[in-house]
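A short write-up of the structure that comes next.
Convention: sequence-line order gives letters A, B, ...; per-chain numbering from 1. Values in this document were obtained by computation on a predicted structure and should not be read as measured data.
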Amino acid sequence: MIDSLENIRRTHYSKEVKPEMKDQEIVLMGWIHEMRDLGGIIFILLRDRDGVTQVTAPSKKLSPKLFEELKKLKKESVISIKGFVQESGKAPGGVEIIPLELKLLSESKLPLPLDTTGNVHAEIDTRLDSRFIDLRKHNVSAIFKIKSRILHSIRNFLESEDYTEINTPKLVASATEGGTELFPITYFEREAFLGQSPQLYKQMMMASGFDKVYEIAPIFRAEEHDTLRHLNEVISIDVETAFTNHIDAMEILEKMVVNAITEVKNNCQPALETLKFDLQIPEIPFPRIEYDEMVEMVNNAGVTMKHGEDMSRAAEKAIGDIMEGYYFITEWPTAIKPFYVMPTENPLKSCAFDLMYKDLEISSGAMRVHNHDMLVNKLNEKGLNPDSFSRYLAAFEYGMPPHAGWGVGAERFTMTMTGLKNIRETVLFPRDRRRLTP
RNA sequence: GCCCUGGUGGUGUAGGGGCUAUCAUGCAGGCCUGUCGAGCCUGCGACUCGGGUUCAAAUCCCGGCCAGGGCGCCA
C-alpha cells in the first residue's frame, strides 16, 4: 500500500518546472493540494515547498493500473511522481506533468483539521492547534521565509561590522533587572529562573575586551499580558558595543534595520507578494524625537499624558498616527528607565532611546553606566539590593569601558516587514498566556 | 488581572423558548476527458460544560472552561 522511497529522488521543485523543459522526464515530490477527478481525466495539484504543479492524467495515455492508483489518492497525502513535462496553455503556469510512475509515500487521514487551499477561513486558535498543517499554506510559510532572511541578514550585517556572536545562559539565578516577572524553575536543589534578557551578561562581556558582541536568542517574560503584540517567549536580537555611546548605538541600529529590509525586499519578493505586502525601504537617518517633544505631540493629539510617565497604549497610537515609519524617541526620563541606563548631563534625563515603527516599540537601548559606584547608587535608588548583583558589579571594578547597546524584538520586527497584526503569526509555535502546546 | 463580545458538523457560519437546526466547505458513493473556487446527483456529520427557570432550553439566567477584541501589566 505505502511505497518506500528507494533510490528515487526529487529532481525539481514545482517552481523550477518551465515550458522549456518540454518532454523532459522529472521527479516531483510533495503533498496533494487538490484532486479534480473528471472521470476520464484526473488533475492532481502537487504542492511542494515553493509552489504547485499540475499533474494531468488522461486515462487513454496511462496504463489502467497507474490510472486506478491515481484515482484513489487523497488530499494531503505525500507522493512522488515521475513524469514528463508537457507544455499546455490550459494548465496553470503553462506546464503540466504527464505521470509515468507514482509512489504513495504517506497517506493522509481525512477529514483534515484545516483547509489548506484557502477556501474556508480558519481562526488563529484552530490554526495553531494544527500548526504543521497551517504551515503548509504558502501564505503562512512566507512569513517564516521572511523571518529567516531577517535573522540571516542581521547576522551578516553584524559580522561585517566586526561583531562577535555570543551565547549567554538562559538559566539564571534571579538578580532581576527589575520590572518584569520571571518564570521560576527548579535547578537541582535551588530555585532558578528563565532569563528575561541577556542584558547583564552582554555588559559583562564589555569588560572582557570583545568590544562588539551580539546574541540572537530567546528571552522569557512571565507577564500575563494578552495582546496582539506580546508573547511570553520571544527572540531577542541583542547588541552591545564598547567605547561607544547611545548616538553610535542608534546609528548601528538604523543601519541594521535598513539592511534587513533591503535584504528582504531583494530576496523575498515571492513571499512578500504572497502576503500582499508592499515593503518600503526607509531612509537613514530615522527621525529622532525627544521624550519631551513626544509628550507634547501626544497631548496636542488629544491624549492626556503627564510628563515623566511611560507611554500608554493610547499615547503610542497617537504618536503612531503622526509618525509614518521608523523613528526614535530619545532622552527618556531617568526615573522610568532601568538602573543601568546612563543619565545625561541633566540627571533627570537619560541616554535611553526606543526605536518605534508607527505605534509599535521595536527596540530599546541606551548608553550604560560604566562607573561602579554610580551603578551601586542607581541600584539603591531603584530599590534593588547591590549584594545580589555582586558578580555583575565585579565586572565594573577592574576596567570597564564606556559602552552602549540595544535589544530588538525579532517578532515585532518581523511584523513590520510582513504587515501582520498578530505577533502569534510570526512564531512557529507561540507561547502566550494560555498556550503551551504544541 | 479588568472590561466587552462570543462558543452550533472536521473547518467557517445562519438561527435565537417548541423546527426534521441554515448555508458553504469537507467527507463517502455515483456521473463526467481540460479542470483551475470544476460541475451535477445521493448520502454523512454539530448546538462548550455544569446548575437553574420553564410543560418545554441550542435559545433565557448563574457559574466554570475556552476563544476573539480592548486595556492594564510589560529592561
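Taking only side-chain atoms of A:Gln86, from C-beta outward, the nucleotide of B:rC36, B:rG34, B:rC73 with the closest atom is B:rG34. With distances taken from any side-chain atom of A:Ile124 to the nucleotides B:rG12, B:rG68, B:rG34, the minimum falls on B:rG68. Checked against B:rG34, B:rA67, B:rC74, the side chain of A:Glu123 finds its nearest nucleotide in B:rA67. Nearest to the side-chain atoms of A:Pro111 among the listed nucleotides B:rG34, B:rG37, B:rG10 stands B:rG10. Out of B:rC32, B:rG72, B:rC74, the shortest distance to the side chain of A:Thr227 is found at B:rG72. Nearest to the side-chain atoms of A:Asn422 among the listed nucleotides B:rG72, B:rA75, B:rG69 stands B:rG69. Relative to the side chain of A:Ser197, the nucleotides B:rA75, B:rU33, B:rU35 differ in distance, and B:rA75 lies closest. Here the nucleotide nearest the side chain of A:Asp37, chosen from B:rC74, B:rG68, B:rC32, is B:rC32. When the nucleotides B:rG10, B:rU35, B:rC74 are ranked by their closest atom to the side chain of A:Glu223, B:rC74 comes out on top. You'll find that the side chain of A:Gln199 is closest to B:rA75, out of B:rA75, B:rA28, B:rC32.
Separating the CZ atom of A:Arg36 from the P atom of B:rU35 is a distance of 10 Å, rounded to the nearest angstrom. The nearest whole Å value for the distance from the CG atom in A:Asp115 to the P atom in B:rU11 is 12 Å. Whole-Å rounding puts the A:Leu45 CG to B:rA38 P distance at 8 Å. Summarising the geometry, the separation between CE on A:Met367 and C1' on B:rA75 is reported as 18 Å, rounded to the nearest angstrom. The CG-C1' distance, from A:Asp226 to B:rG68, rounds to 10 Å in whole Å. At whole-Å resolution of the value, CD in A:Glu316 and C1' in B:rC74 are 11 Å apart. Atom CD in A:Glu425 sits about 11 Å away from atom P in B:rG68, given to the nearest Å. Nucleotide B:rA24 holds its P atom 20 Å from the NE2 atom of A:His121, rounded to whole Å.
A donor-acceptor pair under 3.5 Å is absent between the side-chain atoms of A:Lys421 and the main chain of A:Leu228, judged by distance alone. Proximity of a side-chain donor or acceptor of A:Arg368 to a complementary backbone N or O of A:Gly405 within less than 3.5 Å is detected. Proximity of a side-chain donor or acceptor of A:Asp48 to a complementary backbone N or O of A:Gly51 within less than 3.5 Å is detected. At distances below 3.5 Å, not a single donor-acceptor pair connects side-chain atoms of A:Arg221 with backbone N or O atoms of A:Ile219. Side-chain N or O atoms of A:Thr334 include one that pairs as donor or acceptor with a backbone N or O of A:Lys349 at under 3.5 Å.
The same atom, C1', is picked in B:rG15 and in B:rU53; the two are 22 Å apart, to the nearest Å. B:rC4 and B:rC74 have their C1' atoms separated by 23 Å, with the value rounded to a whole Å. Using atom P as the reference point in both B:rG43 and B:rU48, the two lie 27 Å apart (nearest Å). Separating the P atom of B:rC19 from that of B:rU13 is a span of 25 Å, rounded to the nearest Å. Nucleotides B:rG72 and B:rC65 have their C1' atoms positioned 23 Å apart, rounded to a whole Å. Atom name C1', nucleotides B:rU54 and B:rU59: the rounded distance is 13 Å, in whole Å. Separation of the P atoms belonging to B:rC44 and B:rG52 is 35 Å when rounded to the nearest angstrom. Rounded to whole Å, the C1' atom of B:rU20 lies 22 Å from the corresponding atom of B:rC27.
Remark: the A:His230 side chain and the B:rC74 base include a donor-acceptor N/O pair separated by less than 3.5 Å. In the interface, the side chain of A:Glu34 is not paired with the base of B:rU35 through any donor and acceptor atom under 3.5 Å apart.
Closest approach of A:Asn385 to A:Phe389, counting heavy atoms only: O-CD1, 3.3 Å. Closest heavy-atom contact between A:Phe144 and A:Glu425: CZ-O, 3.4 Å.
The phosphate of B:rG12 has OP1 or OP2 within less than 4.0 Å of a side-chain N or O from A:Thr126. For the pair A:Arg313 and B:rC73, the criterion of a side-chain N or O lying under 4.0 Å from OP1 or OP2 is not met. The phosphate of B:rA67 has OP1 or OP2 within less than 4.0 Å of a side-chain N or O from A:Arg434. When the side-chain nitrogen and oxygen atoms of A:Lys317 are compared with OP1 and OP2 of B:rG70, none of them lie within a distance under 4.0 Å.
Within the nucleic acid shown, A:Leu38 comes within 4.0 Å of at least one base atom, counting heavy atoms only. Residue-level contact check: A:Ser88 touches the bases, meaning some heavy atom is under 4.0 Å from a base atom. Contact annotation for A:Pro113: backbone-only contact, meaning every heavy-atom pair under 4.0 Å involves sugar-phosphate atoms and none involves a base. Nucleic acid contact for A:Ala366: none, since no nucleic acid atom lies under 4.0 Å from a heavy atom of the residue. Nucleic acid contact for A:Arg433: sugar-phosphate only, since backbone atoms but no base atoms lie under 4.0 Å from a heavy atom of the residue. At the heavy-atom level, A:Ser236 lies under 4.0 Å from base atoms of the strands shown. Within 4.0 Å of A:Ile42, counting heavy atoms only, lies no atom of the nucleic acid at all. Residue contacts for A:Glu76: at a heavy-atom cut-off of 4.0 Å it reaches no nucleic acid atom on any strand shown. Within the 4.0 angstrom heavy-atom criterion, no nucleotide atom of any strand lies near A:Lys202.
RNA chain B is contacted by both A:Lys60 and A:Asp310; A:Lys60 maps to the nucleotide lying nearer its 5′ end (nearest heavy atom per residue). Residue whose closest nucleotide on RNA chain B sits further toward the 5' end, between A:Lys75 and A:Asp432: A:Lys75.
Base-pair partner of B:rU13: not found among the strands shown (Watson-Crick or G-U wobble, both distances under 3.5 Å). Base pairing analysis places B:rC27 opposite B:rG43; the two distances defining the Watson-Crick or G-U wobble pair are each below 3.5 Å. B:rC73 is unpaired under the Watson-Crick or G-U wobble criterion, no partner having all donor-acceptor distances under 3.5 Å. B:rC32 is unpaired under the criterion used here, namely a Watson-Crick or G-U wobble arrangement in which both key atom distances are under 3.5 Å. Pairing partner, B:rC55: B:rG18, with both Watson-Crick or wobble hydrogen-bond distances short of 3.5 Å. The nucleotide B:rU48 finds its pairing partner in B:rG64, both defining distances of the Watson-Crick or G-U wobble pair being shorter than 3.5 Å.
With values rounded to the nearest 0.5 angstrom, A:Thr330 atom OG1 is found 8.5 Å from A:Ile289 atom CD1. Taking OG1 of A:Thr227 as the reference point, atom CZ of A:Arg433 lies at 13.5 Å (rounded to 0.5 Å).
A ring pair (Phe, Tyr, Trp, His ring centres under 6.0 Å) with A:Phe353 is found for exactly one of A:Trp406, A:Tyr291, A:Phe328, namely A:Phe328.
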